[in-house]
2 protein chains.
Amino acid sequence: MSVTNTAVIPQVNGPIPAGPCGDDDCGIRDVLDRLGDRWTVLVLVELSKGTRRFRELERAIPGISQRMLTLTTKRLCRDGLVERTVYPTIPPQTDYRLTPMGKSLADMVFALADWSRDHKEAVAAARSRWDQEHL
Amino acid sequence: MSVTNTAVIPQVNGPIPAGPCGDDDCGIRDVLDRLGDRWTVLVLVELSKGTRRFRELERAIPGISQRMLTLTTKRLCRDGLVERTVYPTIPPQTDYRLTPMGKSLADMVFALADWSRDHKEAVAAARSRWDQEHL
DNA sequence: CAGGATCCACCGTGATACTG
DNA sequence: CAGTATCACGGTGGATCCTG
């Protein structure tokens, strides 16, 4: 769906041939293609705490590279989930903050995080049991 | 976290250095590393409709290869989200069905799908606006 | 400080062939 | 039918250097 803007931002995964959920596209992949990469949720979580500058995000998210932070924020901006405010000062300053839609997505992420916490031990247990049986 | 079972199932993404969400690991990546790949959610959605055989899953999910279906179901089994029942008949038959924990994760996925539907147009609009401005 | 541009390594995925 | 095994490709992300 949507003509890919090959020129500007490197895209993530390609489309899935046909939709599941019966026979219509329930569009779940749209969200997960956005959330599924390595950094998007982390940026989302950090921005849910408030407005952040580029450097602040970089420090708040250990391990992220400048390149990936740029790409991630840019994709979020493109999708209308994050707003960018540039102050043409010297040195330059750029503020990032969630749009209302971005906040609502962040809420979904927190719900997922809750699920993750609630089932962390159960998953770990099942996993070690499986590893035990399949060694 | 968790010693990777290098021998059996190819793993997905590696771990993130340190946790965000303040300074403790909120574990959100655990879920998204599972959901973030190309096929897991589709299998989850299909199995949420009921018990399915291997071939049935393959047909229900257009575009998936045998290899990826095997890998995906195996990972889901390992994590205790899916149960596998093998009938040693000829030809063989294998049933897959969600565990209670798997069902609860599927519910999360449906919540995400709802969000996706609700904001699909807004995202598309923001995207085309962005593409317009950055051509 | 806030990026842009390039090169490169890894691994998730697809295609194909084979097995019990 | 329900997998396993092997090979090859493409994209994501990391590292590094450069700019305004």
Side-chain angles (χ1 to χ4, degrees), chain A residues 4 6-17 29 32-43 51-78 82-97 134, chain B residues 4 6-17 29 32-43 51-78 82 84-96 134:
Chain A
T4 49
T6 49
V8 198
I9 314 181
Q11 296 305 88
V12 284
N13 288 325
I16 304 265
R29 285 302 313 175
L32 282 152
D33 283 345
R34 200 166 304 114
L35 261 46
D37 66 281
R38 200 171 176 74
W39 303 110
T40 298
V41 288
L42 301 178
V43 172
T51 299
R52 293 287 185 275
R53 302 179 53 172
F54 187 86
R55 200 69 175 166
E56 291 175 333
L57 282 175
E58 195 174 3
R59 272 191 297 264
I61 304 174
I64 196 172
S65 61
Q66 284 198 350
R67 167 184 160 82
M68 288 319 295
L69 183 53
T70 301
L71 282 179
T72 303
T73 53
K74 196 177 288 183
R75 286 197 270 247
L76 287 170
C77 285
R78 182 164 107 101
V82 164
E83 262 181 2
R84 217 172 69 116
T85 312
V86 180
Y87 302 97
T89 57
I90 296 180
Q93 174 172 349
T94 309
D95 284 358
Y96 294 91
R97 60 194 175 84
H134 296 76
Chain B
T4 49
T6 48
V8 197
I9 314 180
Q11 295 306 89
V12 285
N13 288 325
I16 303 266
R29 285 304 312 176
L32 282 151
D33 283 344
R34 201 165 304 113
L35 261 46
D37 66 279
R38 199 171 175 75
W39 303 110
T40 297
V41 287
L42 301 179
V43 172
T51 300
R52 292 288 185 273
R53 301 180 53 173
F54 188 86
R55 200 70 174 163
E56 290 175 334
L57 282 175
E58 195 174 2
R59 273 191 296 265
I61 305 173
I64 196 171
S65 62
Q66 283 198 349
R67 167 184 160 80
M68 289 317 295
L69 183 53
T70 301
L71 282 178
T72 303
T73 53
K74 197 176 288 185
R75 286 198 270 248
L76 287 171
C77 285
R78 183 165 108 101
V82 163
R84 217 172 68 119
T85 311
V86 180
Y87 301 98
T89 57
I90 294 179
Q93 174 171 347
T94 309
D95 284 359
Y96 294 91
H134 295 79

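Note that these values count all heavy atoms, side chains included, but never hydrogens, waters or copies made by symmetry. Residue numbers begin at 1 in each chain, while the letters A, B, ... track the order of the sequences.
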Which nucleotide sits closest to the side chain of [X]: [options]?
| X | options | result |
| --- | --- | --- |
| Tyr96(B) | dG3(D), dA2(C), dA2(D) | dG3(D) |
| Met68(B) | dT6(C), dG14(C), dG3(D) | dG14(C) |
| Arg75(B) | dG3(C), dC1(D), dT13(C) | dT13(C) |
| Trp39(A) | dG13(D), dT13(C), dG4(C) | dG13(D) |
| Phe54(A) | dG3(C), dA2(D), dA15(C) | dG3(C) |
| Arg53(A) | dA2(C), dA17(C), dT13(C) | dA2(C) |
| Thr70(A) | dT13(C), dA2(D), dG4(C) | dG4(C) |
| Arg84(B) | dA5(C), dG3(D), dA2(D) | dG3(D) |
| Pro91(B) | dG14(D), dT13(C), dC1(D) | dC1(D) |

Are any of [X]'s side-chain N or O atoms less than 4.0 Å away from OP1 or OP2 of [N]?
| X | N | result |
| --- | --- | --- |
| Lys74(B) | dG3(D) | no |
| Thr94(B) | dG3(D) | yes |
| Arg55(B) | dA2(D) | no |

Between [Y] and [X], is there a side-chain heavy-atom distance shorter than 4.5 Å?
| X | Y | result |
| --- | --- | --- |
| Arg75(B) | Arg34(B) | no |
| Ile61(B) | Val43(B) | yes |
| Lys74(A) | Leu71(A) | no |
| Ile64(B) | Leu42(B) | no |

DNA chain D: 5'-proximal contact among Asp95(B) and Pro92(A) (nearest heavy atom): Asp95(B)
Determine, stepwise, if the pair Val82(B) / Thr73(B) fulfils side-chain contact (heavy atoms from CB on, under 4.5 Å). CA-CA 7 Å; Val82(B) 163; Thr73(B) 53; 5.6 Å; no
Atom [atom1] of [X] to atom [atom2] of [N]: distance rounded to whole Å?
| X | N | atom1 | atom2 | answer |
| --- | --- | --- | --- | --- |
| Ile64(A) | dT12(D) | CD1 | C1' | 13 Å |
| Arg38(B) | dG11(D) | CZ | C1' | 11 Å |
| Leu71(B) | dC11(C) | CG | P | 15 Å |
| Gln66(B) | dC1(D) | CD | P | 10 Å |
| Arg67(A) | dT19(D) | CZ | P | 19 Å |
| Ile90(B) | dT19(C) | CD1 | C1' | 13 Å |
| Leu69(A) | dA15(D) | CG | P | 14 Å |
| Asp37(B) | dG14(C) | CG | C1' | 14 Å |

As a quick check of understanding, evaluate side-chain contact (heavy atoms from CB on, under 4.5 Å) for Glu58(A) and Met68(A), giving each step before the final call. CA-CA 10 Å; Glu58(A) 195 174 3; Met68(A) 288 319 295; over 6 Å; no
